[in-house]
Amino acid sequence: MHDLKLLRDNVAALREGMRRRQILDVAGPLIDRAEGLDRERRSLLARIEERKAARNAASQEVARRKKAKEDAEALIAETRALGDEIAALEREYDHAMSELERLQYELPNIPLPDVPDGGEEANTVVRTWGEPRPSDGVRPHWEVGAKLGILDLERGAKISGSGFVVLRGLGARLTRALMSFMLDLHTREHGYEEVWVPFLVNRRSMTGTGQLPKFEEDAYAATDDLFLIPTAEVPVTNLYRDEVLDASALPKAMTAYSPCFRREAGAHGKDTRGLIRVHEFDKVELVRYSVPEESPAQLELLTGHAEAVLQRLGLPYRVVLLAAGDTGFSSAKTYDLEVWAPGVGKWLEVSSCSTFTDFQARRANIRYRPGPGEKPRFVHTLNGSGLAFPRTIIAVLEHYQRPDGTVTVPEALRPYLGVDVLA
RNA sequence: GGAUGGGUGGCCGAGUGGUUUAAGGCGCACGCCUGGAAAGCGUGUGGGGUGUAACAGCCCUCGCGGGUUCGAAUCCCGCCCCAUCCGCCA
């Protein structure tokens with residue numbers, strides 16, 4: 001969500017941001033409409049407030065006259081008329097404001113200057129780590145997983161449907177190991193506070209981080225107006241919603257495990273095999289709050305924390321800076337971490353590290369006070385996976401695969417898993 | 001799920017229709033005083049919007065949303081949250 005003042009002070013920047021996202025054809029008319037509505041709204045507001053001031057003065061005069069036992073009937077009638085006028089104007093105002101708010105929630109964040117122009121094809125690999133293993137002779141994870149008896153896709157589909165998986169034996173234990181390993185790394189070495197949050201959240205939270213209102217069809221809705229979280233970003237970022245933090249609390253760093261539920265509406269037929277794209281998966285998430293001045297550096301830091309997980313696991317990956325047209329709705333800049341999966345022969349996104357500048361903070365009303373006596377400002381929010389489990393498991397099963405179909409357990413996971421080999 | 005009691009400014013707390021369109025206190029900031037400090041005294045001290053070159057001014061804000069009224073923290077309706085008790089339950 002953008003500050004309405006942007007419409008008055010720098011609408012060109014907003015327009016340019018939408019052009020860079022390649023949606024100016026759709027967003028341009030929305031911006032024009034919003035500009036008009038904002039003007040209309042402010043002019044109505046001026047008239048309303050003028051009349052309210054008059055009514056307040058008149059009411060006081062009524063009080064004075066009553067106290068003095070003077071006649072106030074004529075004045076009361078006048079004030080009543082003023083009240084009717086105010087009510088009529090307020091109806092107009094509410095009408096304009098609600099449409100303006102709807103438009104506000106429709107417009108995505110403005111990409112940072114160092115985000116490349118263009119669509120997906122303009123995404124830029126900024127660095128690569130490790131040696132991608134050649135695909136020759138490497139079986140895809142679903143074959144290895146089935147053979148090892150740790151992955152049961154058929155029964156996942158039976159009990160829940162396509163896109164739901166059952167892990168068993170060492171596969172189930174691998175999930176538990178990944179959770180502990182990642183949380184330990186981030187809390188002990190990267191300074192994050194571990195939090196455990198609800199996996200059902202209300203509408204306000206989903207709106208705060210930007211999933212709603214625009215992407216409601218992507219979420220699983222429960223009864224009582226609750227939603228299954230698509231990522232721990234939602235509950236964790238919303239932790240300090242409607243609060244003002246002390247400057248000394250920043251930067252704030254929190255990490256949480258959670259399952260993630262995604263309908264993947266519109267993604268059917270893409271990457272349907274195995275663990276690549278599923279409706280429910282597990283993940284450890286990293287969330288940071290920062291002062292605006294430091295958020296670019298904080299994004300680099302957070303991305304490094306996510307990368308550290310892959311490095312500890314010895315999994316080759318690359319860091320991709322997303323182009324403006326491929327950057328998510330709420331994000332101003334995103335690095336995708338893509339792990340190499342030789343079995344399926346693809347780079348798979350295991351983490352998406354983003355800075356949202358004040359876009360989410362404004363929606364969720366998360367502020368901080370720069371100093372004593374100073375006005376609160378919006379924080380900048382950032383987050384990234386650290387990491388998503390299924391694709392990490394894919395990479396482990398494929399990268400560490402042996403000719404006989406067994407899998408070497410990465411050094412870092414052995415203390416958590418208790419075995420050296422998946423066999 | 002049922003019952004009862006609550007939700008007021010950073011905190012405590014007064015306030016059942018109009019000099020309370022938020023008293024008083026604490027805390028905090030600044031000033032006076034002091035060799036320095038404490039105490040004391042004085043002044044100031046929420047958030048949002050609109051507006052301005054910047055001030056000022058004005059509007060909104062007493063959990064949230066409606067309603068009654070010339071006027072609502074105060075009256076009415078609905079909802080949310082908290083506490084306690086009962087029931088149920090992992």
Side-chain angles (χ1 to χ4, degrees), chain A residues 1-11 34-105 196-208 212 222-227 235 238-250 259 358-379:
Chain A
M1 182 162 75
H2 300 103
D3 190 346
L4 285 179
K5 288 195 178 80
L6 197 60
L7 289 170
R8 284 169 259 161
D9 301 342
N10 201 355
V11 73
E35 265 192 292
L37 284 167
D38 183 51
R39 264 195 302 275
E40 184 186 339
R41 170 193 143 258
R42 279 181 295 130
S43 124
L44 283 166
L45 195 58
R47 294 165 65 192
I48 289 169
E49 291 188 352
E50 175 205 326
R51 282 160 181 75
K52 280 191 173 176
R55 183 179 64 182
N56 287 345
S59 282
Q60 279 186 80
E61 177 61 12
V62 169
R64 194 195 62 76
R65 288 192 194 176
K66 290 222 170 185
K67 192 149 238 148
K69 306 278 188 221
E70 296 171 17
D71 177 61
E73 285 314 309
L75 186 56
I76 286 175
E78 259 177 62
T79 313
R80 182 183 296 130
L82 209 46
D84 292 343
E85 208 181 334
I86 289 168
L89 287 168
E90 279 187 332
R91 272 192 296 278
E92 276 188 73
Y93 178 87
D94 289 345
H95 190 76
M97 194 61 200
S98 67
E99 192 185 342
L100 183 55
E101 273 176 0
R102 208 163 50 243
L103 293 173
Q104 245 185 317
Y105 282 116
W196 192 280
V197 289
F199 305 146
L200 280 169
V201 296
N202 58 30
R203 185 170 288 274
R204 182 80 207 288
S205 296
M206 290 285 276
T207 306
L212 295 184
T223 51
D224 301 322
D225 212 29
L226 293 170
F227 297 84
N238 275 284
L239 272 178
Y240 292 92
R241 192 177 67 218
D242 295 323
E243 295 192 35
V244 180
L245 297 162
D246 198 273
S248 64
L250 300 175
D358 63 3
F359 189 85
Q360 291 182 328
R362 178 168 280 112
R363 287 176 161 239
N365 191 27
I366 307 164
R367 296 176 295 170
Y368 77 102
R369 197 177 297 281
E374 292 188 59
K375 285 281 179 190
R377 300 171 73 196
F378 290 113
V379 302

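All chains are named by letter (A, B, ...) in the order of the sequence lines, taking the proteins before the strands, and each is independently numbered beginning at 1. Predicted model, so just to flag it, every value in this text is computed and none were measured.
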Engineer: Say you pick atom P in B:A38 and the same atom in B:G31; how far apart are they, in whole Å?
Structural biologist: 12 Å

Engineer: Given A:Leu212, which partner from the list A:Arg204, A:Arg363, A:Met206 fulfils the side chain to side chain contact (heavy atoms under 4.5 Å, CB included) test?
Structural biologist: A:Met206

Engineer: A:Lys375 side chain N/O closer than 4.0 Å to the phosphate oxygens (OP1, OP2) of B:G46?
Structural biologist: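 So the side-chain polar atoms of A:Lys375 never come under 4.0 Å of the phosphate oxygens OP1 or OP2 of B:G46.
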
Engineer: I need the CZ-C1' distance between A:Arg241 and B:G47, as an integer number of Å.
Structural biologist: 18 Å

Engineer: Just to be sure I understand the rule, does A:Arg65 reach a base, reach only the sugar-phosphate, or reach nothing, if contact means heavy atoms closer than 4.0 Å?
Structural biologist: nothing

Engineer: Can you tell whether the side chains of A:Arg91 and A:Asp94 come within less than 4.0 Å, N to carboxylate O?
Structural biologist: no

Engineer: On a whole-Å scale, what distance lies between the C1' atoms belonging to B:U68 and B:G13?
Structural biologist: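 Roughly 30 Å separates the two C1' atoms.
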
Engineer: Does the side chain of A:Ser205 pick up a donor-acceptor pair with the side chain of A:Asn202 at under 3.5 Å?
Structural biologist: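 Yes.
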
Engineer: Return whichever of A:Ile76 or A:Asp3 has its heavy-atom-nearest nucleotide of RNA chain B closer to the 5' end.
Structural biologist: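 Final value for this comparison: A:Asp3.
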
Engineer: When you compare B:C11 with B:C58, how far apart are their P atoms, in angstrom units rounded to a whole number?
Structural biologist: 27 Å

Engineer: Quick one: list whatever passes salt bridge (charged side-chain N to carboxylate O under 4.0 Å, His left out) with A:Arg362, sequence neighbours left out.
Structural biologist: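 For A:Arg362 the salt bridge (charged side-chain N to carboxylate O under 4.0 Å, His left out) partners, ignoring immediate neighbours, are A:Asp3, A:Asp358.
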
Engineer: Nearest-Å distance, CZ (A:Arg204) to C1' (B:G65)?
Structural biologist: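 Rounded to the whole Å, the gap is 14 Å.
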
Engineer: Report the base-pairing partner of B:A38 (Watson-Crick or G-U wobble, both distances below 3.5 angstrom), or none.
Structural biologist: none

Engineer: Can A:Glu90 and A:Lys52 be counted as an ion pair, charged N to O under 4.0 angstrom?
Structural biologist: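 Answer for the salt bridge query: yes.
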
Engineer: Taking the P atom in each of B:C41 and B:C26, what is the distance between them to the nearest angstrom?
Structural biologist: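 Here B:C41 and B:C26 have their P atoms 9 Å from each other.
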
Engineer: Under a 3.5 Å cut-off for both contacts, is B:U50 paired Watson-Crick or G-U wobble with anything, and if yes, with which nucleotide?
Structural biologist: B:G57

Engineer: What distance do A:Glu40 atom CD and A:Leu100 atom CG have between them, rounded to the nearest 0.5 Å?
Structural biologist: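 Going from CD on A:Glu40 over to CG on A:Leu100, the span is 10.0 Å.
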
Engineer: Do A:Glu61 and A:Thr79 make a side-chain contact, defined as non-hydrogen atoms from C-beta onward lying under 4.5 Å apart?
Structural biologist: no

Engineer: Report the base-pairing partner of B:G15 (Watson-Crick or G-U wobble, both distances below 3.5 angstrom), or none.
Structural biologist: B:U8

Engineer: Looking at every non-hydrogen atom in both residues, tell me the closest pair between A:Pro370 and A:Lys375 and how far apart they are.
Structural biologist: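 Heavy-atom minimum between the residues: CD-O, 3.1 Å.
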
Engineer: Can you tell me the Watson-Crick or wobble partner of B:G1, both distances under 3.5 angstrom?
Structural biologist: B:C86

Engineer: Do A:Gln60 side-chain and B:U21 base share a donor-acceptor contact under 3.5 Å?
Structural biologist: yes

Engineer: Can you find a heavy atom in the side chain of A:Leu7 that is under 4.5 Å from one in the side chain of A:Leu4?
Structural biologist: yes

Engineer: How long is the line joining CZ of A:Phe378 and P of B:G47, in whole Å?
Structural biologist: 13 Å

Engineer: Pick the nucleotide of RNA chain B nearest each of A:Asp38 and A:Pro376; which residue has the one closer to the 5' end?
Structural biologist: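 Whichever sits nearer the 5' end wins; that is A:Pro376.
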
Engineer: Could you check whether A:Arg367 gets within reach of a base, just the sugar-phosphate, or nothing at all, counting any heavy atom under 4.0 Å?
Structural biologist: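 Since only primed, P, OP1 and OP2 atoms lie under 4.0 Å of A:Arg367, the category is sugar-phosphate.
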
Engineer: In whole Å, I'd like the distance from the CZ atom of A:Arg203 to the C1' atom of B:C80.
Structural biologist: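 Going from A:Arg203 (CZ) to B:C80 (C1'), I get 16 Å.
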
Engineer: Taking the P atom in each of B:C80 and B:A90, what is the distance between them to the nearest angstrom?
Structural biologist: 26 Å

Engineer: Sort out the partner of B:C28 for me: Watson-Crick or G-U wobble, both distances under 3.5 Å, none otherwise.
Structural biologist: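 B:G44 is the nucleotide pairing with B:C28.
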
Engineer: If we take the P atom in both B:C62 and B:U8, what is their distance in whole Å?
Structural biologist: 12 Å

Engineer: Do nucleotides 56-64 of chain B as a string where each nucleotide becomes B, S or -: B if the base has a protein heavy atom under 4.0 Å, S if just the sugar-phosphate does, - if no protein is that close.
Structural biologist: --BBS----

Engineer: Heavy atoms within less than 4.0 Å of RNA chain B: which residues of residues 78-101 of chain A have one? Give them sorted by number.
Structural biologist: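 Going residue by residue through residues 78-101 of chain A, the ones with a heavy atom under 4.0 Å of RNA chain B turn out to be A:Thr79, A:Arg80.
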
Engineer: Please name the pair of heavy atoms, one in A:Tyr93 and one in A:Ile48, separated by the smallest distance, quoted to 0.1 Å.
Structural biologist: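 Taking every non-hydrogen atom into account, CB-CD1, 3.8 Å.
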
Engineer: Do you know which two heavy atoms are closest between A:Arg369 and A:Glu374, and how far apart they sit?
Structural biologist: NH1-O, 2.9 Å

Engineer: Could you tell me which nucleotide pairs with B:C75 by Watson-Crick or G-U wobble geometry, both distances under 3.5 Å, or answer none if nothing does?
Structural biologist: B:G67

Engineer: If you measure from the C1' atom in B:G36 to the same atom in B:C55, how many Å do you get, rounded?
Structural biologist: 39 Å

Engineer: Does A:Lys66 reach a base, just sugar-phosphate, or nothing at all? Heavy atoms under 4.0 Å.
Structural biologist: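 Here A:Lys66 touches the bases of the nucleic acid.
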
Engineer: For B:G51, take OP1 and OP2 only and decide whether either is under 4.0 Å from a side-chain N or O of A:Arg42.
Structural biologist: yes

Engineer: A:Glu61 CD to B:U19 P: how many Å, rounded?
Structural biologist: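 A:Glu61 atom CD is separated from B:U19 atom P by 14 Å.
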
Engineer: For a quick check of understanding: with a heavy-atom distance under 4.0 Å over all strands, which category does A:Arg369 fall into, base, sugar-phosphate or nothing?
Structural biologist: sugar-phosphate

Engineer: Does A:Asp84 pair with A:Arg80 as a salt bridge, N-O distance under 4.0 Å?
Structural biologist: no

Engineer: In this structure, how many angstroms lie between the P atom of B:C70 and the CD atom of A:Glu73, rounded?
Structural biologist: 10 Å

Engineer: How would you label the contact of A:Arg8 with the nucleic acid (heavy atoms, under 4.0 Å): base, sugar-phosphate, or nothing?
Structural biologist: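 Since only primed, P, OP1 and OP2 atoms lie under 4.0 Å of A:Arg8, the category is sugar-phosphate.
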
Engineer: Can you check the distance between B:G71 and B:G18, where both ends of the measurement are the P atom (answer in whole Å)?
Structural biologist: 15 Å

Engineer: I need the CG-C1' distance between A:Asn202 and B:C81, as an integer number of Å.
Structural biologist: 12 Å

Engineer: Now, which nucleotide makes the Watson-Crick or G-U wobble pair with B:U20, with each of the two distances under 3.5 Å?
Structural biologist: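 None - no nucleotide pairs with B:U20, as no candidate has both distances under 3.5 Å.
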
Engineer: What's the CG-P distance between A:Asp242 and B:G10, to the nearest Å?
Structural biologist: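 Answer to the nearest Å: 14 Å.
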
